[in-house]
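The next block holds one structure in the form of structure tokens; read it before the comments.
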Amino acid sequence: ANAPSTPVESVMAEVWAELLGASEIRRDDNFFDLGGHSLLAMRAVVEIEKRLGIRLEPRRLIFETLAQLARDPAGA
């Protein structure tokens, strides 16, 4: 029951899965823990902005989980 549960989470998980070659992304997953690195993080940020119109701060992918990023995408 840890699957993405909101539209934003689902799109972000889709992008992560494509870039990381992962079959399943969970809400408590972290991009870097799954094997992401800075270049992939930049690609994720660009792709998420393209699909959702949300600009993530790339550094946040290091520290935050999918659910945290989706809950507060602007980083307010």
Side-chain angles (χ1 to χ4, degrees):
N2 207 357
S5 60
T6 69
V8 172
E9 283 180 8
S10 296
V11 172
M12 285 187 184
E14 214 172 81
V15 170
W16 289 20
E18 289 167 16
L19 291 174
L20 298 170
S23 57
E24 186 186 31
I25 307 289
R26 297 187 325 249
R27 300 183 73 239
D28 60 356
D29 280 337
N30 169 279
F31 190 79
F32 278 74
D33 289 347
L34 293 175
H37 51 73
S38 52
L39 184 62
L40 279 178
M42 286 306 303
R43 289 175 57 193
V45 166
V46 167
E47 196 56 41
I48 288 166
E49 185 169 18
K50 203 188 305 180
R51 297 186 197 187
L52 292 171
I54 292 168
R55 174 77 182 167
L56 290 176
E57 184 59 48
R59 287 186 70 247
R60 296 180 60 203
L61 290 171
I62 299 170
F63 305 109
E64 297 182 46
T65 64
L66 179 76
Q68 289 170 319
L69 291 165
R71 186 168 52 243
D72 180 23

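Just so you know, residue 1 is the first one in the sequence shown, and it goes up from there. Because the structure is predicted, anything quoted here is derived from the model rather than measured.
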- Message: For a quick test of reading the model, state the closest non-hydrogen atom pair linking Ala3 to Glu9 and the distance between them.
- Response: O-OE1, 4.4 Å
- Message: So, using side chain to side chain donor-acceptor pair (under 3.5 Å) as the criterion, who are the partners of Glu47 when residues are at least two apart?
- Response: Lys50, Arg51
- Message: Can you tell me how far apart CG (Leu66) and CZ (Arg71) are? Round to the nearest 0.5 Å.
- Response: 10.5 Å
- Nearest 0.5 Å, what's the CD1-CE distance between Ile48 and Met12? 5.0 Å
- Within-4.5 Å side-chain heavy-atom neighbours: Ser5 and Arg27: yes
- Please determine which of Ile54, Leu56, Leu40, Val15 meets the side-chain contact (heavy atoms from CB on, under 4.5 Å) test together with Val45. Leu56
- Item | Shortest non-hydrogen contact between Pro73 and Ala70, atoms and distance | CD-O, 3.3 Å
- Message: Within the structure provided, determine whether Leu61 and Leu69 are in side-chain contact (heavy-atom separation under 4.5 Å).
- Response: yes
- Query: Are Met42 and Leu52 grouped together when hydrophobic residues (ILVMFWY) are joined by side-chain heavy atoms under 4.5 angstrom apart?
  - Reply: no
- Which value, rounded to the nearest 0.5 Å, describes the distance between Ile25 atom CD1 and Ser10 atom OG? 12.0 Å
- d(Thr65 OG1, Phe31 CZ) to nearest 0.5 Å is 14.0 Å
- Item | Exam field: side chain Asp28 to backbone Ala67, donor-acceptor pair closer than 3.5 Å | no
- From CG (Asp29) to CH2 (Trp16), nearest 0.5 Å: 7.0 Å
- Would you give the length of the straight line joining atom NE2 of His37 to atom CG of Leu20, rounded to the nearest 0.5 angstrom? 8.5 Å
- Taking side chain to side chain donor-acceptor pair (under 3.5 Å) as the test, write out the residues that go with Glu57, two or more places apart. none
